Structure formats: C-alpha cells, structure tokens
Amino acid sequence: MKDHNLVIGLDFGTDSVRAMVVDAATGEELAGEVAYYRRWVAGMYCDPGKNQFRQHPLDHLEGMEAAVKGALAKLAPGLAQRVVGIGIDTTGSTPGPVDADGRPLALLPEFSENPNAMFILWKDHTAVQEAGEINHAARHWGGTDFTKYEGGVYSSEWFWAKILHILRHDPAVRTAAYSWVEHCDWIPALLTGYENPRLFKRSRCAAGHKAMWHEEWGGLPPEEFLVRIDPLLQGLRERLYTKTYTTATRAGDLTPAWAERLGLPPGISVAVGAVDAHVGAVGGGITPGALVKIIGTSTCDIMVVPKETMGAKLIGGICGQVDGSVIPGLIGLEAGQSAYGDVYAWFKDLLSWPLKALLPETSLVARDTGEKLQEEIEGRLLRRLSEEAGRIEAGATGLLALDWLNGRRTPYADQTLKGAITGLTLGTTAPKIFRALVEATAYGARAINERFMEEGLEIKEVIALGGIARKNDFAMQVLADVLAMPIKVAASDQTCALGAAMFGAVAAGLYPTVEAAQEKMGCGFAKTYTPDPENAARYRELYRDYLDLGKILFPKLLT
C-alpha cells in the first residue's frame, strides 16, 4: 500500500449503514464496519399493514459514527490520517422535513417521536393516492407533462407524493417544515457544515429520478403546476432548489466537529450524495451497454447511455432518464422491482408462523431452547427451500405467480398491483411454491429488459450486485435462464460502498473522471451464471403466460 491515499465509502442501506475504507490507488478494501439502525431493527415508527416505513435521523447519525469509527479501528495506527475523501449513497427516494436551519424535525424535542417528522423510507407506499393525483395533473393540466423524463408515471415511492401525503395528514409538521431534503442530500450537508437548506448541494441523481427536476423547464416543476395538484404545495418550490450536482462534485470539506466525532482529518473532501443503486452500479463496473441489477429486498436496474445514442428518445414505464445521474456526461436510466428478496422473505415468514406462534407456548422444551430452535430453523429455511426447489425441473411445478407483492415499479409504476399464485392443488409443496416465486421475480426482471430493448437500447451484458447475487445460486441460475443471458456477479460484496469510495476519490481530485476511478479501483467479477438452453426455451413460453396472467387479473394494467 506504501503511502497511498485512502477514501471512505458510506453506504446507508435499508437496515444499516456500512463504512468501508478503500485504497484509492488500487481499490483494495482495507476495512469495513456495519452499524444497524437501532430503532429500525426494533420496528419503531413503522406499520407494514399501512405500508408505512419511517426512519429516525438519530439512527443515521448514530449508525454513521459507529460504522466509521469501527472501520478506522481495524486499520493500522496512523492510517486514518491518510483518508482524503468521503463518498455517500443512501436509499431513495427517502425525503424528510427540515427546519430553516436544515435540522430534520425529528431531532427537535416536540417531534422526536412523530413518524411524519422522520425520513420517509423508499419502500413507504402511504402516498399512493397522491401519486395518482400527480399523474392525473401531469396529463390534464394543459401544459408540459413533467413526468415525461420519469418514464411517464410518477410513483408513490418518490419525493413529491410523499411530501404531499405528510402535508395533508399532519398540520404540525406542515407548519414546522421550512423545506424538505433527500437523505442523500442531508448527510453531505451535515458533514460539511451547511445549515441553510437553500445552500445544500442537491443530488442530480435524486432530483432527476425522484423529483421531476429537469433543465428543460428550469429545474423543478413550476409553482403553477404544483398548486394544481394541491394548494398545500404553494411556496415550497422556492424553498427547495434549482441547481443540482453530479455525484463526482465536491460538496465541501469535512468540518472540524465532525472530523473529531468520526476520527478523521478535518478538511477532507466530501462528495455530493446519490441514490445507492446508481452508486453501486459504478462500483460494479457499469459501462454503456451493460445493465446492472442491484438485487436485494427490491431491485434497481441501471444503465448508462451516450447522449448521441439516446437522442430525443423518451423511454416510457421506467424510473427516469437523467443526464449525469450515474456518470457525468452519460444519460442514466433507472428501472426496478418493488420486491425481490422481500418476496422470498415473505414466504419464509409465512412458513415460520408456527415457530413464532406455537413454540413459545410448548412445555416440551425450555424457552431458551425453543428460541434457539426457532432461530436455527429460520436461518436455514431459505437455503433448504432453494436446494429443494432447485431439484424441480423448470416449468414442472404447475404454478404461475406474479411478483407484485409490493406493487410494481417497472414497467409503469403501479403500487396498487398485488401478487398472486395460480395452479395450487393438494399436491402443491412449499418448494414448488418457492420455485414459482423465484421464477416470478425473474419474469419481472425480464419485463424490464424487454422494456429497454423495445425502445431500441442494446443490452450487451448483465451485471448483478447485492446479497442475492452473491448468496443464492438457485435464484441466480433461474434468473439467467429466464433472461436467456449470462449474468456476471461483481467480486465485491459491497459495491455500493465501493462506488461511493470511487466518487470520494474523484471529489478529492485523485482522478479526473469517474471512468478513471473505475479503471483503477474496480473489483472485477467473481463468477458468471450461464443460461441452460432448454430451460431458457421453457421459460420463454412461461414468461408469456406470466404477462397474460397479469392482464387477466388486472384488466387496466399498463403494458
């Protein structure tokens, strides 16, 4: 390592924050630490029955401090002083209300236990009605359709819908909120000492994909359009932002106060933040022609396209096309599935119900033994299901499922859609159902590929990142068979943190471009899943049945 500069990638995920220290010259991952969100893990401020998922900003602050300190503690003495840059990614769209000093309202005593004053996590779907009203207004207000660069459909997972929902349902928050910030904008502003929300360097990535920001209309949608949706939005636009910045931009210097809290040198460069999937795509080696799938609880599918290739093309049904949202100078395209690993987790929880409900009541084993038994079985369940389902031939279950258990993100976002399993008999087994669910998530992935290809975009290769890509051979082989394409799996199991570190290196001036950082710091690939020709042929027909089932159950479904 000699005297190489070091950078830190901070990856704020759904359940935890990870800090990773990386050698900026080689990409070697020197140390890492994960800190779980204490309140989130306890289920606080969330109500799955209402699709409400909120995160307290204290979870983010405490988690960041613990993760960075934990990672630095694993380095040799003195190496922390070589850190010259920090890059940051977060989930998104995850907005929260702030006061005029840029403080999230939940950090104020009077709002400390109010979920509406916290960050509204990406998977929160309480704003379905508001998203529908935004879409209706965009088509009927008589002017520009401000969703046209968002795939033509605005989602309840995004910025404006979530804000409007809170404004309508919580007058106290409505009165106290001076402005609203994405999580990926708040963290860099916090670390660099910016307090006025008007001065935050806002992420091009989050603004373009989630907030209908575009240079064509001078930034965010105009006031005239916003008040057509609801007069409660009056005046908010002027307290937000006009200019946005790519993630390769330096947001500012780490303040002395935060340097002391984190154990880092003051004044090091902090990059503008971005949404985790876009940053992970960079860490995973995205280039034009590659589709990068970040596969976890949900998926995000990212592509980058040269401007001359994109031209004036508008791709319907995706989650946005934004100049510079992934790599400066290229158009970033986002799509995804609202549930992937969450589908498997739901089935596991369903099968685990007797363990949770009945084991505590039995007198046959001691309580602590029962708890250990429950933990062991739940820990092995998905692995065993995958093994047994893998022994079933493709197309042999007699089942067909829809993967929309959390609505659909792409193509054409619709959070009112539901999952389904058809073909059940008295001979249906748990492994057969599990295989059908895995196949359904793969069909959803194929629908995204086809949406891009129908618009004339070439997908030369598929790169997979995330926990499922690295841990579940069965699910990945089914995905390769359904897509009828090889799938490369990134070697790093922390590509979002690695991508954030790359942006930190660029912001610190160590590399002139993101591509140059990728070349030196890239992780390469650990393995490739190759499709089985016979399975691919079977799935070609079953995929058509999947599309037909969706149309039968949901006649008003957009294609």
Side-chain angles (χ1 to χ4, degrees), residues 12 14 40 45-48 50-57 60 90-98 104-106 111 114-138 146-147 150-151 153-186 197 200 202-203 205-213 220-221 225-227 229-237 239-241 273 275-276 298 300 319-320 334 336 338 406-409 413-416:
F12 290 81
T14 299
W40 170 265
Y45 316 119
C46 298
D47 186 344
K50 297 180 180 178
N51 284 316
Q52 174 182 304
F53 297 96
R54 310 292 165 81
Q55 287 187 335
H56 202 294
H60 302 143
T90 75
T91 63
S93 179
T94 301
V98 296
L105 295 187
F111 291 107
N114 184 343
N116 295 327
M118 299 173 189
F119 283 96
I120 309 167
L121 192 65
W122 64 271
K123 66 190 290 182
D124 187 297
H125 290 164
T126 52
V128 170
Q129 177 181 333
E130 287 76 12
E133 293 173 19
I134 291 171
N135 284 314
H136 183 271
F146 297 108
T147 70
E150 306 272 18
V153 180
Y154 201 77
S155 170
S156 64
E157 295 182 346
W158 298 346
F159 189 76
W160 290 106
K162 289 176 171 177
I163 291 173
L164 180 56
H165 182 79
I166 301 301
L167 295 181
R168 286 175 169 176
H169 289 84
D170 198 319
V173 170
R174 181 173 70 234
T175 300
Y178 173 79
S179 188
W180 290 73
V181 299
E182 282 283 358
H183 187 200
C184 69
D185 293 334
W186 176 57
F200 289 8
R202 305 285 187 141
S203 163
C205 176
H209 286 283
K210 314 301 180 184
M212 295 184 285
W213 179 95
L220 296 168
F225 169 72
L226 295 173
V227 297
I229 301 168
D230 193 309
L232 288 177
L233 294 173
Q234 184 173 7
L236 178 57
R237 183 183 187 274
R239 301 194 302 275
L240 289 169
Y241 55 90
V275 177
D276 50 6
S298 66
C300 271
C319 303
E334 177 191 346
S338 294
N406 198 28
R408 186 175 71 176
R409 185 177 293 162
D414 188 342
Q415 304 311 143
T416 68

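These numbers were taken from a predicted model, which means no experiment stands behind them.
- One distance of note links NE2 of H136 with CD1 of I229; it measures 11.5 Å at 0.5 Å rounding.
- A distance-only check finds no donor-acceptor pair linking the side chain of T90 to the backbone of F12 [under 3.5 Å].
- A 4.5 Å side-chain heavy-atom check between V275 and H209 finds every atom pair outside the cut-off.
- Across P95 and F159, no two heavy atoms sit closer than the pair CB-CD1, 3.8 Å.
- F119 and G96 get closest at one heavy-atom pair: CD2-N, 3.6 Å.
- With contacts defined as side-chain heavy-atom distances shorter than 4.5 Å, the pair M212/I134 qualifies.
- Taking CG from L164 and CD from Q129, the interatomic distance works out to 8.5 Å, rounded to the nearest 0.5 Å.
- Looking at S156 and H165, their side chains never come closer than 4.5 Å, going by heavy atoms from C-beta outward.
- T94 places none of its side-chain heavy atoms less than 4.5 Å from the side chain of W186.
- In plain terms, the two heavy atoms of W160 and A211 that are nearest each other are NE1-O, 2.8 Å.
- In this structure, D124 does not pair ionically with K162, as no charged nitrogen and carboxylate oxygen lie closer than 4.0 Å.
- In this structure the side chain of E157 reaches within 4.5 angstrom of the side chain of S338, judged on heavy atoms.
- Side-chain contact between N114 and L105: absent, with no pair of heavy atoms (C-beta onward) separated by less than 4.5 Å.
- Summarising the geometry, atom SG belonging to C46 is positioned 8.5 Å from atom CZ belonging to R54; distances are rounded to the nearest 0.5 Å.
- Closest approach of W122 and T14 over heavy atoms only: NE1-OG1, 2.9 Å.
- Nearest heavy-atom pair, T416 versus V128, reported as atom, atom and distance to 0.1 Å: CG2-CG1, 3.7 Å.
- A pairwise comparison of heavy atoms in V98 and W180 identifies CG2-N, 4.2 Å as the closest pair.
- Taking 4.5 Å as the limit, some side-chain heavy atom of R202 sits within range of a side-chain heavy atom of P197.
- No salt bridge links E182 with K210; every basic N to acidic carboxylate O contact stays at or beyond 4.0 Å.
- Note: D230 CG to L167 CG = 8.0 Å, rounded to the nearest 0.5 Å.
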